[in-house]
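See structure below.
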Amino acid sequence: QVQLVESGGGLVQAGGSLRLSCAASRGFFIISSAMSWYRQAPGKQREWVASITNGGSPNYADSVKGRFTISRDNAKNTVDLQMNSLKPDDTAVYYCNAASVRGSYWGQGTQVTVSS
């Protein structure tokens, strides 16, 4: 069974930084997957934040462009999201997603709370 486990969430003041990490379970190799981060704020739909192709090309939602950086380490089987200049509007549960020919897989999410 494919498992994605997010970590690194927490409480931070506006303007601060957090680094989220997503680790894939043994037997599932992210090297063949496009990896993404999504987030869901209370009362809102889940929204896409950033993606990185298996070739390493990143893309970002306009709301986080210039502040967030997605990266992947295929050797460690992890994908990270470096979040800088955080705003209260960034408060949400952040989810990792892997999209491969085997299917689409989600982690359980990690809470990020940004105080003003």
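Worth knowing before you read on, the calculation uses all heavy atoms, side chains too, and leaves out hydrogens, waters and symmetry mates.
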Considering all heavy atoms of both residues, which atom of [X] and which atom of [Y] are nearest to each other, and what is their separation?
X	Y	result
Gln108	Val5	OE1-CA, 3.8 Å
Ile70	Tyr60	N-OH, 3.0 Å
Leu18	Val112	CD1-CG1, 3.9 Å
Tyr95	Gly107	CD2-O, 3.6 Å
Gln111	Ala92	NE2-O, 3.5 Å
Gln82	Arg19	OE1-NH1, 3.0 Å

Using a 3.5 Å distance criterion without hydrogens, assess whether the side chain of [X] forms a donor-acceptor pair with backbone atoms of [Y].
X	Y	value
Arg67	Ser85	yes
Ser100	Ser33	no
Thr53	Ala34	no

Working to the nearest 0.5 angstrom, can you tell me the gap between [X] [atom1] and [Y] [atom2]?
X	Y	atom1	atom2	answer
Ser104	Asn97	OG	CG	4.0 Å
Asn74	Met35	CG	CE	9.5 Å
Glu47	Gln45	CD	CD	10.0 Å
Ile52	Trp37	CD1	CH2	12.5 Å
Asp80	Leu20	CG	CG	8.5 Å
Leu81	Thr110	CG	OG1	11.0 Å

task: Classify the ring geometry between Tyr94 and Phe68 as parallel (under 30°), tilted (30 to 60°) or perpendicular (over 60°).
output: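 Plane angle between 30° and 60°, so tilted.
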- request: Verify whether one side chain among Ser32 and Asn54 offers a donor that lies under 3.5 Å from an acceptor in the other.
  value: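 Judged by distance alone, the side chains do not pair up.
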message: Looking only at the side chains, is there a donor atom on one of Asp73 and Thr78 sitting less than 3.5 Å from an acceptor on the other?
response: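 Their side chains do not contain a donor-acceptor pair, so the 3.5 Å distance test is not met.
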task: Could you pull out all residues at least two apart from Ser51 that satisfy side-chain hydrogen bond (donor to acceptor under 3.5 Å, both in side chains)?
output: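 Partners of Ser51 by the side-chain hydrogen bond (donor to acceptor under 3.5 Å, both in side chains) criterion, ordered by chain and then number, come out as Ser36, Trp48.
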query: Which residue pairs pass the disulfide (SG to SG under 2.5 Å) test when at least one of the two sits in residues 71-113, sequence neighbours left out?
result: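 Listed once each, the pairs are Cys22-Cys96.
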field: Side chain to side chain, Trp106 and Arg46, heavy atoms closer than 4.5 Å
entry: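 With C-beta onward as the side chain, the pair touches.
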task: Run the numbers on Gln13 and Val114 for side-chain contact (heavy atoms from CB on, under 4.5 Å), then give the verdict.
output: CA-CA 5 Å; Gln13 288 188 332; Val114 184; over 6 Å; no
query: Linking I/L/V/M/F/W/Y whenever their side-chain heavy atoms sit closer than 4.5 Å, directly or via other members, would Val93 and Met83 fall into one cluster?
result: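 Val93 and Met83: separate clusters.
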task: Just jot down the salt bridge (charged side-chain N to carboxylate O under 4.0 Å, His left out) partners of Arg102, sequence neighbours excluded, or say none.
output: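 Listed in chain order: nothing, the list is empty.
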- prompt: Hey, is Asp90 close enough to Arg39 for a salt bridge, meaning N to O under 4.0 Å?
  reply: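 A salt bridge links Asp90 with Arg39.
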- prompt: Does atom CG of Leu11 have more than 12 heavy-atom neighbours from other groups under 6.0 Å away?
  reply: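 It does: Leu11 CG has more than 12 such atoms within range.
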